[in-house]
Amino acid sequence: MNTPSSPHIPVLLEHVLDVFGNISNGLIIDCTLGFGGHSQALLDQNQNISIIGIDKDIQARDFAQKRLEKFKDRFSCIAGSFGEKFEEILQSQGDKIKGVLADIGVSSLQLDNNSRGFGFQSDNLDMRMDTSKPLEAKTIINTYSSYELERIFREYGEIKEYKKMASLIVNARSKQPFESAQDLSTFLQKHFKNPRIHPGTLAFQAIRIEVNDELGELQKLLNSASKLKGAVFGVISFHSLEDRMVKTAFKEWSKSCICSQNSYKCECGNNHSKGVIITKKPLIASSEEIKQNPRARSAKFRAFAFKD
């Protein structure tokens, strides 16, 4: 297992500490525990809160639990996907929950570990956050039909040349299956050009989302979170699909009137707002943070405060 010699600085940390800073006591759920960086900072900031961390990645859980050993009286960890496990925690701990944080996307622990198949130079083609699950990137690239690949590249990667990309991959694999992420990234770099990012970036994003059902997980979380009372809910996203989902959910939750747009006048009572949007615009990384951590450049943080 490749682990860093020093803890990674979590993305948008100052924004997270600021948004959750007014929570005086109770329980915070860290839906994407990862390195445990956000959890450690929140536990350091407030001695009267406890945290339950969720992560489907056994390597992430092992690393975080060692890192947060000194907080063992206030920290516990659950294995599994946040889409499912958050609902379970909500059912048993609902009135105690005062904050929920989800940092959506692949972690540095996964990106930097060459055996996991997330990076362009990896000698593997896996991309599973939960390695006990059967579906991996190699299966998708080498067995999905051209139509299925088109769907993934169009919907999850928002790639303009999705038809061409799918067709070229299907044609190439018929002669020689793709065995590694390096094989795939080299192939994409040969056939596609992008002056801003590696030509394989959006394709890798799309495949990763399919492997891990990332948008499905986020939708489950949003559905469950809509039942929160008296809690702050925050999501850090890294691409437009996730951010759009979060923005849409927050807009719906903040609506006081839920009558049809075709209604002549309000008949619902105009008191259905679940709370208020804390971040009118998403919070983003400072230029200084981006210098220290280039991966922070695409991070967006939105937060919502639920009424009691």
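What you see is a predicted model, and the numbers here were worked out from it, not measured in a lab.
A donor-acceptor pair shorter than 3.5 Å can be found between the side chains of N223 and Q219. E69 and Q65 are not linked by any side-chain donor-acceptor pair at a separation below 3.5 angstrom, with hydrogens and angles left out of the test. For the residue pair N124/S122, the side-chain donor-acceptor check at 3.5 Å is not satisfied. E242 and S237 are not linked by any side-chain donor-acceptor pair at a separation below 3.5 angstrom, with hydrogens and angles left out of the test. In the model, D123 has no side-chain atom that pairs as donor or acceptor with a side-chain atom of S180 under 3.5 Å.
Counting heavy atoms from C-beta on, the side chains of M245 and L222 come closer than 4.5 Å. Using a 4.5 Å cut-off on side-chain heavy atoms (C-beta onward), E289 and V11 make contact. Contact check for V100 versus C31: side-chain heavy atoms found under the 4.5 Å cut-off. In this structure the side chain of I97 reaches within 4.5 angstrom of the side chain of L90, judged on heavy atoms. At least one side-chain heavy atom of L218 sits under 4.5 Å from a side-chain heavy atom of V246. Considering only heavy atoms from C-beta on, S185 comes within 4.5 Å of F204 through its side chain. For the pair E214 and N212, the minimum side-chain heavy-atom distance is below 4.5 Å. You'll find the side chain of I49 reaches within 4.5 Å of the side chain of L42, heavy atoms only.
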(request) Run the numbers on H198 and F120 for side chain to side chain contact (heavy atoms under 4.5 Å, CB included), then give the verdict. (result) CA-CA 9 Å; H198 188 290; F120 296 135; 3.5 Å; yes
(request) Begin with the C-alpha distance, continue with both residues' side-chain angles, and end with the deciding distance and a verdict on salt bridge (Lys or Arg N to Asp or Glu O under 4.0 Å) for D57 and R116. (result) CA-CA 11 Å; D57 190 323; R116 300 297 296 274; 2.9 Å; yes
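Heavy atoms of other residues, nucleotides or ligands lying less than 6.0 angstrom from CD1 of I58 number 12 at most.
Across all non-hydrogen atoms, the minimal contact from F306 to S226 is CE2-O, 4.0 Å. S240 approaches E158 most closely through the heavy-atom pair OG-OE1, 2.7 Å. The two residues N48 and N46 make their nearest non-hydrogen contact at N-OD1, 2.7 Å. Closest approach of I54 and S81 over heavy atoms only: CG2-C, 4.1 Å. Heavy-atom minimum distance, V19 versus A303: CG1-CB, 3.7 Å.
Residues meeting the side-chain contact (heavy atoms from CB on, under 4.5 Å) test with Q205, sequence neighbours left out: L202, I209, H239.
Note on K227 versus E87: salt bridge recorded, some NZ/NE/NH1/NH2 to OD/OE distance being below 4.0 Å. Between R302 and D243 there is a salt bridge, since a side-chain N of the basic residue sits under 4.0 Å from a carboxylate O of the acidic one. Between D126 and R128 a salt bridge is recorded (basic side-chain N to carboxylate O distance below 4.0 Å). A salt bridge links K85 to E88: at least one charged side-chain nitrogen sits closer than 4.0 Å to a carboxylate oxygen.
No donor-acceptor pair under 3.5 Å is formed between the side chain of E150 and the backbone N or O of K163. Under the 3.5 Å distance criterion, the side-chain polar atoms of T139 are left unmatched by any main-chain donor or acceptor of L135.
Within the structure, ring pair (Phe, Tyr, Trp, His ring centres under 6.0 Å) pairs that include any residue of residues 123-179 comprise F178-F187 (at least two apart or interchain). Residues in residues 66-100 take part in no ring pair (Phe, Tyr, Trp, His ring centres under 6.0 Å) pair, two or more places apart or across chains.
Following chains of ILVMFWY side-chain contacts shorter than 4.5 Å, one cannot reach I284 starting from V235, and the two form parts of different hydrophobic clusters. Taken together through direct or relayed side-chain contacts under 4.5 Å among Ile, Leu, Val, Met, Phe, Trp and Tyr, I197 and L241 form part of one hydrophobic cluster.
The aromatic ring centres of F304 and F250 sit less than 6.0 Å apart.
To the nearest 0.5 angstrom, K175 atom NZ is 3.5 Å from N171 atom CG.
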